[in-house]
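What follows is a single structure, written as structure tokens, with notes after it.
Both ligands and their constituent atoms are indexed starting at 1 by order of listing.
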Amino acid sequence: MNIEEKIINAIKKYDTILIHRHMRPDPDAIGSQVGLAEILRKNFPEKKIYAVGKTVEGLSFLAQMDEVSDEVYKNALVIVTDTANTARISDERYKNGEMLIKIDHHPNDEPYGDLVYVDTGVSSCSELIMRFMTNQGLSLTDNAARLLYAGIVGDTGRFLYPATTAKTMLIASKLRSYRFDATRLMREMEQISFNVAKLSGFVFENLEVDTNGAGRVMITKEVLAKFGLSDYETSHIVSLPGQIENVESWGIFVEQPNGKFRVRLRSKEIAINEIAKRHNGGGHPLASGANAKDLAECEEIYREIQGILNN
Ligand SMILES: [Mn+2]
């Protein structure tokens, strides 16, 4: 039995299924999570299916989370999508089910759960969900198609990043044949507030780049307060330095309320996820996240980016 068959058997066996995803969700986290929930509701109408996790402002146009009591987890199946490690799962009750399944496309650094379905060769977890449901003969709904499409578009940067394959395009094409307003969805995903636009100006003006293309921007609490922004809204500016021709790899250092820094690392060609792993983080080779306890560690991380580009 292959992994997909094992997963479908588990789904058939349980009456209650709870689906979780990572904290600070992006469109792929919500898309794969709620997309799967919608597919399971449609194909197994007798089962109770819930999508659980803290809702984050800014993505409510995609979906709302379900509120569930602790008892719901008794004898239930829990599936976690798009989440590499247990520390990042939103809502700790994921542990309380009877069986746990991981479905993800990040490097499998922590293979948690009773069943692990990880493929790092797909563009997004949403693409993996689409493959799973197609192979298992499950049917899709218009809204599930909308959610999975949002996940693929989000994780590929609108089909820009190298994880975008011919298969990704075929799957996206199939999703677009369902009824949903794709133009509106793309607009909702791209739209930024005036304050984020002003922060974009700050990013371009304060970006530091060395001769090898190592870039960094520091965004302090004061800067965030000045623009009236939360940490979540800074996600919109992470890809901006990549538009500049002489930037190769970069870090965006965002100071948190506790004085520590959340670090987003991006790169056009050279893997930077080993740097993330050394600094309390991880992720994809070209897009990962780290954490720095103070300015000195931010400096260290930038030195390491410079180091890999200097080879
Ligand atoms: Mn993803």
*Distance only, no hydrogens: is a donor on one side chain within 3.5 Å (strictly under) of an acceptor on the other, for His105 and Asp155?*
yes
_I need the protein N, O or S atoms closer than 2.8 Å to the Mn ion (ligand 1), given as residue plus atom name._
Asp28 OD2, Asp82 OD1, His105 NE2, Asp155 OD2
*Before accepting this row, confirm whether a basic side-chain N of the pair Arg131/Glu127 lies closer than 4.0 Å to the acidic partner's carboxylate O.*
no
*In chain order, what residues pass the side chain to side chain donor-acceptor pair (under 3.5 Å) check against Thr83, with sequence neighbours excluded?*
none
_Restricting to salt bridge (charged side-chain N to carboxylate O under 4.0 Å, His left out), what partner residues turn up for Asp66, sequence neighbours left out?_
Arg41
_Tyr178-Arg146 side chain donor-acceptor pair, cut-off 3.5 Å_ = no
_ring-ring contact (aromatic ring centres under 6.0 Å, His included) contacts in which one or both residues fall within residues 43-87, not counting sequence neighbours_ = His20-Tyr73
